[in-house]
Amino acid sequence: MSSLTGKVQETYLTEIASLKLKPRSLDDYWSKTRNDIIPGVGQHRLDKLAPEHLERMYRAMLDEGHAPSHVLKVHRILSRALKIAHRRRVISENVATLVDPPTVDETEANPFTTEEAKAFLEAAAKRPTFMRWCVGVGMGFRQGETLGLRWAYVDLDNELFHPQWQLQRLTWRHGCADPHGCGARLHRFEPCPPDCATHKGYKRGCPKPCPKGCTRHASTCPERKGGGLVFTRPKTKKSRNPVPIPPPFLPYLLAHKERQDAMRAVAGEDWQESGAVFTRPDGRPIDPRHDWQEFKELLTEAGIDDRRLYDGSRHTAGTILNELGVDMPTIMEILRHTQISQTRRYVKGRSHLSKDAMQRMGDAFMPRPEPPTETTTETGDRRAERARRRRRVR
């Protein structure tokens, strides 16, 4: 009963979560466990863990600048581990159920307008990756699905994409027997000085010091495994449903295939066959980091305000389909959502469409105003005035 919370959390990830979670999700769980949960509450005995310990950890994370959504995810990961410990009678109560995590406001979507989408694709047409952006903006494919699309799953005869795989960058894991000793030369147990020049260009600032017994730095392990760019299955079965290719896309898609065949011939033995539809000049899949950077460059070239990649592709496709009059169940099928409520969050209304809709609503229900008619009713004052005018005339 005296087990430390951090050790229980690691056991949960190693022996239980690893059997159910997708690789990318498991990487995220491990990252938050190492960087947040173990430093925050890992030193407490499991039977002495109290709600106050969790609340102090959440407050410290928010004060450090973490988003409420990040803190909420940490809470859910820890709560799941404690739930299993409670179910197996290792602890008498899951204290995470006694804590209210931070409230998260839903991020408002910021999709392209139709004019912005056209300007974006006009800028993309100057690049070899033009069709990659057509698929993202015009069909609402996720970044991983687009970069993971392979020719074996493109049915040109029936004009269908089969998104059976996605491309993801996974964290490397040690394959050696001594992970701590393997990364010894990279361990840093002291924080960086305030005027650190080593990490000056890092967007997230200086990395945190390594915890005692650190087993990270697996990317340098001679026997590393499970990391790098990897083709993985989409998260849900619904995500693998076929999607019709818009017929106007087909000539451009065939031209893209011809250019890729020409690149393969030029590269010769240097070509690294991946079977991907969108590749680098040597045949390797496009790195998601480079893809994200290109998206930002295209925004600048098209004169569009900065926004998330998800807004410029998936949210844009859903919103424009809605503007074109496509019903919500059909949009749900195209975006391959499991619930229509999820689709509604992706579709953002436009003010001019709302105004037009309410105009039509008013025309349908409200009676039209009668045209003005001349009144024949006279008041007593008006009759007296007319009588005085007649007397003056006489």
Side-chain angles (χ1 to χ4, degrees), residues 112 114 116-169 228-234 239-302 304 309 312-314 316-317 320-321 324 334-336:
F112 292 153
T114 304
E116 288 174 335
K118 290 179 179 178
F120 181 87
L121 292 178
E122 284 176 5
K126 304 171 186 176
R127 299 181 179 235
T129 52
F130 173 57
M131 278 309 299
R132 176 265 175 271
W133 299 110
C134 288
V135 172
V137 177
M139 300 181 67
F141 272 42
R142 303 173 179 89
Q143 183 192 43
E145 293 171 342
T146 308
L147 301 183
L149 192 63
R150 290 190 274 185
W151 287 113
Y153 299 94
V154 177
D155 186 351
L156 293 173
D157 294 332
N158 294 309
E159 302 179 1
L160 291 172
F161 279 148
H162 295 270
Q164 295 291 317
W165 297 91
Q166 59 183 349
L167 185 72
Q168 293 184 324
R169 177 173 288 282
L229 292 179
V230 180
F231 287 101
T232 63
R233 288 290 190 182
S239 296
R240 300 199 289 270
N241 284 357
V243 182
I245 303 172
F249 282 21
L250 288 172
Y252 295 95
L253 188 63
L254 292 171
H256 171 80
K257 192 173 190 300
E258 291 177 0
R259 284 194 299 271
Q260 191 181 72
D261 292 339
M263 285 195 303
R264 184 185 291 106
V266 170
E269 295 182 356
D270 294 331
W271 183 266
Q272 301 180 41
E273 187 59 64
S274 63
V277 174
F278 307 109
T279 65
R280 308 181 208 185
D282 62 358
R284 291 181 297 163
I286 297 174
D287 192 316
R289 296 170 183 169
H290 298 160
D291 182 74
W292 177 87
Q293 184 61 46
E294 184 176 50
F295 173 74
K296 296 297 182 179
E297 293 171 0
L298 289 171
L299 287 179
T300 303
E301 292 174 16
I304 301 173
L309 176 56
S313 54
R314 202 156 172 78
T316 293
I320 293 181
L321 283 169
L324 294 174
I334 292 172
L335 298 182
R336 291 157 290 127

Is it true that Q166 and R233 share a donor-acceptor pair across their side chains at a distance under 3.5 Å?
no
Residue set satisfying salt bridge (charged side-chain N to carboxylate O under 4.0 Å, His left out) with K296, at least two apart, ordered chain then number -> D306
Just to verify, what does V154 make a side-chain contact (heavy atoms from CB on, under 4.5 Å) with, not counting sequence neighbours?
L149, W151, L156, F161, I245, L253, V277
Using 0.5 Å steps for rounding, measure from the CD atom of Q168 to the CG atom of L147.
11.0 Å
Closest non-hydrogen atoms of A117 and V137, given as atom of the first, atom of the second and distance, are CB-CG1, 4.2 Å
Sequence neighbours left out, what passes side-chain contact (heavy atoms from CB on, under 4.5 Å) with P246? Give chain and number order.
M139, P248, F249
Results of salt bridge (charged side-chain N to carboxylate O under 4.0 Å, His left out) for R132 - residues two or more places apart only:
D291
Over all atoms of both residues, closest heavy-atom pair of S239 and P163
O-CG, 3.4 Å
Residues in side-chain contact (heavy atoms from CB on, under 4.5 Å) contact with R264, at least two apart in sequence or another chain
Q260, D261, W271, E273
D282 bridged to R280 by N-O distance under 4.0 Å
no
L321: partners by side-chain contact (heavy atoms from CB on, under 4.5 Å), with sequence neighbours left out
V326, I331, I334
Rounded to the nearest 0.5 Å, what separates atom CD in E301 from atom CD in E294?
8.5 Å
Can you name the residues that form a salt bridge (charged side-chain N to carboxylate O under 4.0 Å, His left out) with E297, not counting sequence neighbours?
R127
Heavy-atom closest pair (P288 atom, L167 atom, distance to 0.1 Å) is CD-CD2, 4.5 Å
Hey, what do you get for CG (L335) to CG (N241), rounding to the nearest 0.5 Å?
12.0 Å
Once you round to the nearest 0.5 Å, how far does CZ of F278 lie from OG1 of T146?
7.0 Å
Sequence neighbours excluded - salt bridge (Lys or Arg N to Asp or Glu O under 4.0 Å) pairs with any residue from residues 145-155
R142-E145, E145-R336
Tell me every residue that passes side-chain hydrogen bond (donor to acceptor under 3.5 Å, both in side chains) with D287, counting only those two or more places apart in sequence or in another chain.
R169
Residues passing the ring pair (Phe, Tyr, Trp, His ring centres under 6.0 Å) test with F120, sequence neighbours excluded, are F112, W133, F295
The criterion is side-chain hydrogen bond (donor to acceptor under 3.5 Å, both in side chains); which residues satisfy it with S274, sequence neighbours excluded?
none
State which residues pass ring pair (Phe, Tyr, Trp, His ring centres under 6.0 Å) with F231; sequence neighbours excluded, sorted by chain then number.
none
Indicate yes or no for a side-chain donor-acceptor contact from E159 to the backbone of P244 under 3.5 Å, with no hydrogens or angles considered.
no
